Amino acid sequence: MDLLEILLEVQERDLAIDRLAHRRSTIPEKSSLAATQERIDALEVRQGELSSELEDRLRHQGELEREVDAITARIASIESRLYGGEVSASRELSAMAGEVESLRGRRSRLEDHVVELMEELEPREAELANLERDRAALDTEAEALRSAIAELESNIDAEVAREESARAPLADQLPDDLVGRYESLRSRLGGIGAASLVNGSCGGCHLSLPAVELERIRGAPPGTVVTCDQCGRILVR
Ligand SMILES: [Zn+2]
């Protein structure tokens, strides 16, 4: 086989490898996974907000309950003196009764506040439980997508390996300067560095070559590397 025909074969393998790389990077499951991950991230943000709202309320509730307990103890101590018979002065007795009264009022307001806090806990706990359920479903979905992606990637990688092992012995037959020239054209010209000349047209840019140009190419000695004067690609006769 002519060197340039071998170069065309290498070009075919390179294009196949490019297509596989494109397929690998555009696996649809990858964008599904990204979307699922976005939902997981948003869900985690909301979980964090709810958890800290719950913590704040539980802490506040604990403080109020300790205050209620302290008031209850204070009422008990006043009442034991009130009914213990040690205090007899009526003014003092009525002051103590008044204090008990006001402590009870304060305690009742604190208890109302505790109830309000507990009512605020309920919807947040319910939302958190829902989020945890959603999170488990999303994790399962993400896991399934990841394993589907891994399988598709490994199939593509196997195809790439096949193409590469077909390409290597071909490229080995080509002189380094020809390969270098081809590679640099390929990187500048959308992956195509060498093209065949078909019916007077360049297979790379698809433009018809002027008659005088065709004449020059046809007249070149075999093995000469000729290029398309319109796109610069190596032309294979
Ligand atoms: Zn061309």
Side-chain angles (χ1 to χ4, degrees), residues 1-42 138 141-237:
M1 217 192 315
D2 176 74
L3 282 185
L4 290 174
E5 281 170 23
I6 294 174
L7 181 64
L8 263 191
E9 264 302 305
V10 168
Q11 171 73 82
E12 283 307 311
R13 302 279 75 79
D14 281 339
L15 285 177
I17 292 166
D18 289 348
R19 280 192 297 271
L20 288 165
H22 176 73
R23 213 163 89 200
R24 198 182 199 279
S25 67
T26 54
I27 289 174
E29 281 81 355
K30 286 186 178 175
S31 39
S32 306
L33 178 59
T36 302
Q37 192 54 54
E38 254 176 51
R39 288 172 63 200
I40 290 175
D41 293 346
L138 287 172
E141 191 180 308
E143 198 39 55
L145 286 168
R146 268 192 286 270
S147 74
I149 290 167
E151 195 185 333
L152 291 164
E153 282 183 342
S154 99
N155 289 343
I156 291 172
D157 292 347
E159 280 185 63
V160 169
R162 274 197 295 280
E163 291 293 345
E164 279 171 348
S165 60
R167 180 195 191 277
L170 294 168
D172 286 348
Q173 299 172 52
L174 301 174
D176 290 348
D177 59 343
L178 179 60
V179 173
R181 199 166 156 192
Y182 157 75
E183 294 286 5
S184 98
L185 285 167
R186 195 173 117 72
S187 69
R188 277 194 292 118
L189 299 169
I192 299 175
S196 49
L197 182 61
V198 187
N199 299 329
S201 293
C202 163
C205 64
H206 304 292
L207 294 172
S208 299
L209 273 71
V212 57
E213 190 58 22
L214 283 170
E215 206 52 43
R216 181 183 68 83
I217 291 168
R218 287 197 184 108
T224 311
V225 175
V226 293
T227 56
C228 168
D229 69 346
Q230 294 165 108
C231 68
R233 291 183 175 96
I234 297 166
L235 278 177
V236 183
R237 286 169 281 178

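Atoms within each ligand, like the ligands themselves, are counted from 1 in listed order. Keep in mind it's a predicted model, so treat the numbers as computed, not measured. FYI, the numbering just counts along the sequence from 1.
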Please check this pair: side chain of Gln11 against backbone of Ala194, looking for a donor-acceptor N/O pair closer than 3.5 Å.
yes
If we ignore hydrogens and angles and just use 3.5 Å, is the side chain of Glu164 paired with the main-chain N or O of Arg13 as donor and acceptor?
no
Between Asp41 and Gln37, does any side-chain donor sit less than 3.5 Å from a side-chain acceptor?
yes
Is any NZ, NE, NH1 or NH2 atom of the basic residue among Asp229 and Arg216 found under 4.0 Å from an Asp or Glu carboxylate oxygen of the other?
no
SG (Cys228) to the Zn ion (ligand 1) to SG (Cys202): angle, nearest 10 degrees?
110°
Whether His206 has an N, O or S atom under 2.8 Å from the Zn ion (ligand 1)
no
In this structure, the Zn ion (ligand 1) sits at the vertex of an angle between SG of Cys205 and SG of Cys231 that rounds to 10° as 120°
